[in-house]
Amino acid sequence: MIAESLPTTPADRLAAAHVAIARAARTAGRDPAGVELVAVSKTHPAEAVRPLLAAGQRSFGENRVHEAAAKWPGLAADFPGVRLHLVGQLQSNKARDAVVLFDVIHSVDRPSLVDALGAAMAATGRRPDCYVQVNIGDEPQKGGVALGDLAALLGRAAALPVAGLMAVPPDGIEPAPFFALLAKLAREHGLAGLSMGMSGDFETAVMLGATCVRVGTALFGARE
Ligand SMILES: *Cc1c(COP(=O)(O)O)cnc(C)c1O
């Protein structure tokens, strides 16, 4: 059954994800080219990543600065055009390393991190796109700014290259209302970018306006 439903090679899984994204985008009257697929390669070794690079994939996501620094410089040297996304929580004392290594940072969620990123960008001259992460389900254990603090944080981040909003909806319940809420917040704040949707729900996210989906398991298989 699994063999029938889950494509077996990484390149086939990548192609299937692109087909699913395109179908969802067209259903919603959107141009599939407006959706960036980020292949979340966290925990997977370089050998697992190479087949996707060979198949043309260039956007990848990692959740730890240290792991990405060990894995990516070598891979990026072999495959020009890699765009590296940080999708995990970022400590302020790693802001400078993150700004140097990543092209997109999806987890800007508090004033101290905004300030650390601003200083790191000024010091390095690098300006990765930033997403402000919203704690969309108001879950204490999750990262992201509280809804009530979003406007103030965006004000503080005015000097950063803020591309949009990012969220991870609560586990185990229908994600669509949370995606719709994130889209509404982005609209209210005049932000075009919407980083939302993972392996289990990226088609729903695309239908509700995602411009960036972060997909790991559906491309690489389960993590240890
Ligand atoms: C791990 C992770 C993903 C990918 O999750 P999958 O369910 O494996 O697709 C996406 N976004 C964030 C923030 C993650 O930490």
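What you see below is based on every heavy atom in this structure, not just the backbone, and it leaves out hydrogens, waters and symmetry mates. What you are looking at is a predicted structure, and each value in this text was computed from that prediction instead of being measured. Atoms within a ligand are numbered from 1 in the order they appear, just like the ligands themselves.
In terms of protein heavy-atom proximity, atom 6 (P) of ligand 1 is closest to S199 OG, 3.5 Å. Here the protein heavy atom with the shortest distance to atom 13 (C) of ligand 1 is V87 O, 3.1 Å. Among protein heavy atoms, the minimum distance from atom 8 (O) of ligand 1 is reached at T217 OG1, 2.6 Å. With hydrogens left out, the protein atom closest to atom 14 (C) of ligand 1 is K42 NZ, 3.0 Å, a heavy atom. Atom 5 (O) of ligand 1 has M198 CE, 3.4 Å as its closest protein atom, hydrogens excluded (heavy atom only).
Side-chain atoms of R127 and M121, non-hydrogen and from C-beta on, do get closer than 4.5 Å to each other.
Side-chain contact annotation: E62 with S41, donor-acceptor N/O pair under 3.5 Å present. Between R96 and T124, the side chains place no donor N or O within less than 3.5 Å of an acceptor N or O (distance only, hydrogens not considered). At a cut-off of 3.5 Å, with distance as the only test, a side-chain donor of T9 or D12 sits close to an acceptor on the other residue.
Under 4.0 Å from ligand 1, not a single heavy atom of H85 appears.
Ligand 1 places these atoms under 4.0 Å from at least one heavy atom of V215: 9 (O). Contact atoms of ligand 1 toward R214: 4 (C), 9 (O), 10 (C), 11 (N), 12 (C), 13 (C) (distance under 4.0 Å to a heavy atom of the residue).
To the nearest 0.5 Å, atoms OH (Y131) and CG (D109) are separated by 16.0 Å.
Residue contacts with ligand 1: V40 is placed with no nitrogen or oxygen under 3.5 Å of a nitrogen or oxygen of the ligand (distance criterion only).
At least one heavy atom of M166 sits under 4.0 Å from some atom of ligand 1.
R58 places no side-chain N or O within donor-acceptor distance of the main-chain N or O of G81, the cut-off being under 3.5 Å.
With salt bridges taken as basic N to acidic carboxylate O contacts below 4.0 Å, one links R156 and D115.
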